[in-house]
Q: 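Here it is, the structure in full.
If you read the sequence from its start, that first residue is 1, and numbering goes on from there.
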Amino acid sequence: MTTVKKIAALGLAVLMTASLAACSMGGDTKWAAKAGDLTVPAGVYINELITAYSDATVDLPSDVKDPLKEQVDGVTVSQKVTEEAKKGLDEYIAIEQKFGEMGLAMSELDRASVEQTAEQYWTGFRLEETYTANGVSRESFILAQENMVKKSMIFNAIYGEGGTDPVPEEELKTKFSTDYAKILLIPVSINPAEDTDEAKAKAKEQASELINKYLERAKAGEDMETLVYEARKELSGNQDLEKPEAGTSFTFVNRENSSYSQEVVDTIFAAPIGEPTVAESEDGMYLFVRYDVMENESDFAQRRAALVSALRGDAFDEQVSQWADSLTGVTYNDAALKRYTPEKLKVG
């Protein structure tokens with residue numbers, strides 16, 4: 001389970017009400033597993049259930065009456081959620097053990113940051129009521145967040161600068177130059193208030209006029225960063241808009257992960273360096289100039305971590321999965337695992 005998915009699952013949890021805490025099958029169900037000196041609270045396992053439920057149901061039609069009975073990957077959603085939650089539990093243990101084996105440690109600053117982030121989710125996203133109803137205490141929630149940080153620290157200790165298997169600089173820079181485009185951009189939306197063909201045609205005509213006006217000025221050699229600023233003032237209607245500091249208006253477009261449509265992304269990456277170019281999509285027109293993405297070393301340095309993640313993230317997730325599959329000496333609390341099931345999660 002990737003860190004991104006775990007964070008995304010928190011959104012679904014806000015909608016959850018549950019009867020997990022109200023049901024008991026007897027025995028001590030406060031812990032889910034033990035391995036050496038490590039005792040994993042049941043709340044950590046329940047957190048994995050919530051995450052797995054989110055992942056398994058996110059693509060189901062909204063009108064499905066009983067998501068848990070639907071089929072996904074050849075099994076019911078209920079089976080899938082249980083399997084993934086168990087896998088998440090094993091990976092939690094594997095991360096805790098590997099973190100200790102590597103001699104890593106969280107600093108007081110790291111822990112304070114986790115506490116702050118957890119508190120933002122706990123109170124800001126109102127998770128306290130729903131999570132505690134499920135049997136997840138604030139302490140268990142924080143443990144889950146700490147485990148995610150430890151996973152990231154292990155990743156960096158292996159693949160980051162000074163790590164045991166760092167990604168070569170040349171590979172990072174090749175990825176950066178291939179996957180990123182540095183541009184100055186004037187975007188003009190084509191989304192009229194009225195959803196009619198006439199309104200859309202008029203909006204497109206107005207957008208084209210504005211884009212062409214700035215295109216001619218750009219071709220005449222005017223400073224593109226100044227043109228971006230003037231276009232922002234015109235489009236916002238705010239003539240008092242503060243001018244950004246020079247060099248801060250650039251946009252970096254990731255070929256593999258962009259909010260722009262594919263046709264716009266393709267146009268950006270096909271554009272020659274330094275040539276004013278127009279791109280168009282169904283809902284917008286764009287004037288941009290592309291620059292050498294390698295011209296400023298700090299641009300690369302700021303994105304180093306993202307590049308390392310893109311190049312080694314999948315391999316690391318596979319490695320964590322292997323660590324989890326190879327666990328030994330783990331005692332699972334069957335009473336807890338039988339008590340906390342997908343069927344006890346109720347989506348409101």
Side-chain angles (χ1 to χ4, degrees), residues 1-27 29 31-35 40-97 127 130-131 133-136 140-141 144 147-148 151 313-348:
M1 179 58 58
T2 63
T3 299
V4 171
K5 286 186 177 181
K6 287 177 180 287
I7 293 175
L10 295 175
L12 175 70
V14 175
L15 302 175
M16 287 191 171
T17 58
S19 60
L20 286 171
C23 176
S24 176
M25 295 183 65
T29 57
W31 59 278
K34 293 182 180 181
V40 184
V44 169
Y45 176 69
I46 299 168
N47 182 70
E48 296 292 346
L49 279 172
I50 293 172
T51 301
Y53 182 91
S54 172
D55 291 340
T57 60
V58 66
D59 293 326
L60 293 180
S62 58
D63 59 351
V64 170
K65 292 183 178 180
D66 191 347
L68 293 175
K69 292 182 179 180
E70 294 295 307
Q71 292 283 318
V72 57
D73 297 335
V75 297
T76 65
V77 168
S78 177
Q79 290 174 286
K80 182 71 172 179
V81 170
T82 301
E83 290 171 1
E84 291 300 314
K86 177 57 167 52
K87 179 181 177 181
L89 174 61
D90 286 342
E91 291 190 355
Y92 177 97
I93 296 170
I95 289 296
E96 293 293 324
Q97 291 185 341
L127 295 185
T130 53
Y131 265 69
N134 274 292
V136 181
S140 289
F141 184 72
N147 189 261
M148 291 165 59
K151 181 178 180 180
D314 288 344
F316 181 64
D317 285 338
E318 179 59 33
Q319 178 64 75
V320 172
S321 180
Q322 291 177 12
W323 291 337
D325 290 341
S326 302
L327 287 175
T328 58
V330 179
T331 300
Y332 298 99
N333 187 350
D334 290 339
L337 300 187
K338 290 177 180 178
R339 174 180 178 183
Y340 305 115
T341 66
E343 284 71 23
K344 305 291 173 50
L345 297 173
K346 295 182 180 179
V347 183

Q: Can you measure from OG1 (Thr341) to CD1 (Ile46) and round to the nearest 0.5 angstrom?
A: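 With rounding to 0.5 Å, OG1 (Thr341) is 10.5 Å from CD1 (Ile46).
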Q: Under the salt bridge (charged side-chain N to carboxylate O under 4.0 Å, His left out) rule, collect the residues that match up with Asp63, sequence neighbours excluded.
A: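 Testing Asp63 for salt bridge (charged side-chain N to carboxylate O under 4.0 Å, His left out), a comparison that skips the adjacent residues, returns none.
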Q: Only counting residues at least two apart or in another chain, list the ones meeting side-chain hydrogen bond (donor to acceptor under 3.5 Å, both in side chains) with Glu96.
A: Asn147, Lys150
Q: Got a sec, which residues hit ring-ring contact (aromatic ring centres under 6.0 Å, His included) with Tyr332, two or more places apart in sequence or on another chain?
A: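 Residues passing ring-ring contact (aromatic ring centres under 6.0 Å, His included) with Tyr332: none at all.
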Q: Could you pull out all residues at least two apart from Ala94 that satisfy side chain to side chain contact (heavy atoms under 4.5 Å, CB included)?
A: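 Ala94 satisfies side chain to side chain contact (heavy atoms under 4.5 Å, CB included) with Trp323, Ala324, Leu327 only.
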Q: Decide yes or no on side-chain contact (heavy atoms from CB on, under 4.5 Å) for Tyr45 and Val40, but give the supporting numbers first.
A: CA-CA 8 Å; Tyr45 176 69; Val40 184; 5.9 Å; no
Q: Looking at Ser140 and Pro41, what are the two nearest heavy atoms and their distance?
A: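 Between these two residues, the closest heavy atoms are OG-CB, 3.5 Å.
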Q: What's the shortest heavy-atom distance between Ala56 and Val81, and which atoms?
A: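 Distance-wise, the nearest heavy atoms are CB-CG2, 3.9 Å.
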Q: Determine whether Asp90 and Lys86 make a side-chain contact, defined as any pair of heavy atoms from C-beta on separated by less than 4.5 Å.
A: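 In contact.
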Q: For Ala85 versus Ala52, what's the shortest heavy-atom pair and its separation?
A: N-CB, 4.1 Å
Q: Quick one: side-chain hydrogen bond (donor to acceptor under 3.5 Å, both in side chains) partners of Gln79, sequence neighbours excluded?
A: Thr76
Q: Identify, with sequence neighbours excluded, every residue that meets salt bridge (charged side-chain N to carboxylate O under 4.0 Å, His left out) alongside Lys80.
A: Asp73, Glu84
Q: Asn47 versus Tyr131: any side-chain heavy-atom pair under 4.5 Å?
A: yes
Q: Which heavy atom in Arg339 sits nearest to a heavy atom in Lys344, and how many Å separate them?
A: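 Of all heavy-atom pairs spanning Arg339 and Lys344, the closest is O-NZ, 3.0 Å.
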Q: Applying salt bridge (charged side-chain N to carboxylate O under 4.0 Å, His left out), can you list everything that pairs with Lys69, at least two apart in sequence or on another chain?
A: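 Lys69 satisfies salt bridge (charged side-chain N to carboxylate O under 4.0 Å, His left out) with Asp66 once adjacent residues are dropped.
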Q: Who are the side chain to side chain contact (heavy atoms under 4.5 Å, CB included) partners of Pro67, not counting sequence neighbours?
A: Tyr53, Thr57, Leu60, Val64
Q: So Lys87 and Glu91, do their side chains get closer than 4.5 Å, heavy atoms only?
A: yes
Q: Working to the nearest 0.5 Å, report the span between CG of Asn134 and CG of Leu49.
A: 9.0 Å
Q: Is there a donor-acceptor pair under 3.5 Å between the side chain of Ser54 and the backbone N or O of Ile50?
A: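 No.
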Q: Would the number of heavy atoms belonging to other residues, nucleotides or ligands and lying under 6.0 Å from CG of Asp325 be above 12?
A: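 For Asp325, atom CG is crowded (more than 12 foreign heavy atoms under 6.0 Å).
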Q: Measure the shortest side-chain to side-chain distance between Asp317 and Lys151 over non-hydrogen atoms and say whether it is less than 4.5 angstrom.
A: yes
Q: Between atom CG of Asn333 and atom CH2 of Trp31, what is the distance when rounded to the nearest 0.5 Å?
A: 4.0 Å
